[in-house]
Each structure stands twice: as C-alpha cells, then as structure tokens.
Asker: 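Have a look at this one before I ask anything.
From a predicted model like this one, the values you see are computed outputs, not experimental measurements. What's counted below: heavy atoms across the whole structure, side chains too, no hydrogens, waters or symmetry copies.
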Amino acid sequence: MHEEFANKPGKKGIARLIDATDYSVQGLVAAWRNEEAFRLEVLLALILAPFALWAGETPAERAILIAATLLVLPLELINSAIEATVDRIGPERHPLAKMAKDTGSAAVAITLLLAFLVWCCILLPKLSL
C-alpha cells in the first residue's frame with residue numbers, strides 16, 4: 001500500500017471503530033427508510049432464520065440456511081449504494097448507468113436464487129412426497 005494511503009488523516013484506533021460503527025448504523029437506517037426491497041428482505045430473514053433453527057437437523061444445516069438467507073441483505077445494501085451513486089451523478093439516462101443498476105439488481109437476484117436453492121436442497125429431501 002502506498003504510504004499516503006496508509007497514513008491518511010483522521011481518527012485512529014477505537015475512535016475510528018466507533019465512527020465506522022456509526023456510519024454502518026446510519027446506512028442500515030437509510031436502507032430501511034428508503035428501500036422497500038431491503039425492508040421485505042429483512043422481514044423475510046426474520047421469519048426464515050428462526051425457521052432454519054427448527055428445520056435444520058444439524059448445526060451445519062442450520063448455519064447454511066441462515067447464511068444463505070442473510071447473504072441477500074449485504075447484496076441489497078450494495079445494490080442500493082450503486083443506485084444512489086448513479087442517481088447522484090445525474091438524472092439523464094445513460095447506457096452505463098443502466099448497466100450499473102441492472103448488474104447490481106442481478107447480483108441480488110442471483111443471491112435470492114442461491115438462498116432458494118439452498119433451502120430446497122436441504123428441505124426437499126426431508127419431505128415424503
């Protein structure tokens with residue numbers, strides 16, 4: 001790492017950690033207030049995580065179900081950050097802005113598909129069809 005980046009000015013140590021935690025909380029609050037998809041995914045996670053504790057037979061199954069469910073949330077936050085950044089640059093339509101927004105959305109969609117497949121792979125064999 002270049003020295004000018006390693007020694008950037010600002011708070012260090014615990015003060016920096018406190019600030020970083022505050023910024024993270026502000027980001028979560030902003031996402032909750034402004035992003036309906038994030039709110040729905042949080043509510044889904046609040047339902048599925050306890051259900052995973054019951055549905056998973058082993059600690060590994062429970063952890064995989066919960067991890068697959070929660071993985072959607074940071075991807076949604078990143079997608080929201082991409083959208084906010086693109087919107088901040090300007091309201092005009094541009095192919096690169098569309099690509100940025102669409103690929104962020106695709107990342108969330110793939111993660112939702114992954115979560116669905118994980119749940120299916122773990123739960124379907126347990127059902128007697």
Asker: Looking only at heavy atoms, which two atoms of Ala68 and Ala115 are closest? And how far apart?
Answerer: O-CB, 3.4 Å

Asker: Could you tell me whether the side chain of Ile89 reaches within less than 4.5 Å of the side chain of His94, counting heavy atoms only?
Answerer: no

Asker: Mind checking the CG-OG1 spacing from Leu75 to Thr111? Nearest 0.5 Å is all I need.
Answerer: 3.5 Å

Asker: Should Leu43 and Phe51 be regarded as members of a common hydrophobic cluster, given that ILVMFWY residues are connected when their side-chain heavy atoms come within less than 4.5 Å of each other, either directly or indirectly?
Answerer: no

Asker: Whether the side chain of Arg62 engages the backbone of Ala52 through a donor-acceptor N/O pair (distance < 3.5 Å, no angle test) should be reported.
Answerer: no

Asker: Is Leu48 close to Leu65 at the side-chain level, that is, under 4.5 Å between some pair of heavy atoms?
Answerer: no

Asker: In terms of hydrophobic clusters joined by side-chain contacts under 4.5 Å, are Ile110 and Leu70 together?
Answerer: no

Asker: Heavy atoms only: give me the nearest Arg39-Arg33 pair and the separation to one decimal.
Answerer: NH1-O, 3.3 Å

Asker: Would you say Glu61's side chain and Glu57's backbone share a donor-acceptor pair under 3.5 angstrom?
Answerer: yes

Asker: Between Leu44 and Thr69, is any pair of side-chain heavy atoms under 4.5 Å apart?
Answerer: no

Asker: OG1 of Thr58 to CD1 of Ile122: how many Å apart, nearest 0.5 Å?
Answerer: 7.5 Å

Asker: Between Val86 and Phe38, is there shared hydrophobic-cluster membership here, with clusters defined by ILVMFWY side-chain heavy atoms closer than 4.5 Å?
Answerer: no

Asker: Tell me, do Leu77 and Leu28 make a side-chain contact under 4.5 Å, heavy atoms counted?
Answerer: yes

Asker: Can you hop from Ile66 to Phe116 via hydrophobic side chains spaced under 4.5 Å?
Answerer: no

Asker: Where is the tightest heavy-atom contact between Ala55 and Leu123, given as atom of each residue plus distance?
Answerer: CB-CD2, 3.6 Å

Asker: Working to the nearest 0.5 Å, report the span between NZ of Lys101 and CD of Glu83.
Answerer: 5.5 Å

Asker: To the nearest 0.5 Å, what is the distance between NZ on Lys98 and CZ on Arg93?
Answerer: 8.5 Å

Asker: Are the side chain of Asn34 and the backbone of Ala30 linked by a donor-acceptor contact shorter than 3.5 Å?
Answerer: yes

Asker: Heavy atoms only: give me the nearest Pro50-Ala45 pair and the separation to one decimal.
Answerer: CD-O, 4.1 Å

Asker: Indicate, with yes or no, if Val42 and Val72 share a hydrophobic cluster defined by side-chain heavy-atom contacts under 4.5 Å among Ile, Leu, Val, Met, Phe, Trp and Tyr.
Answerer: no

Asker: Answer yes or no: are there more than 12 heavy-atom neighbours, outside Glu36 itself, under 6.0 Å from its atom CD?
Answerer: no

Asker: To the nearest 0.5 Å, what is the distance between OG1 on Thr103 and CG on Asn79?
Answerer: 8.5 Å

Asker: Output the rest of the hydrophobic cluster of Leu17: all Ile, Leu, Val, Met, Phe, Trp and Tyr residues reachable through side-chain heavy-atom contacts under 4.5 Å, sorted by chain and number.
Answerer: Ile14, Ile18

Asker: Report yes if the side chains of Trp119 and Leu124 come closer than 4.5 Å at any heavy-atom pair, otherwise no.
Answerer: no

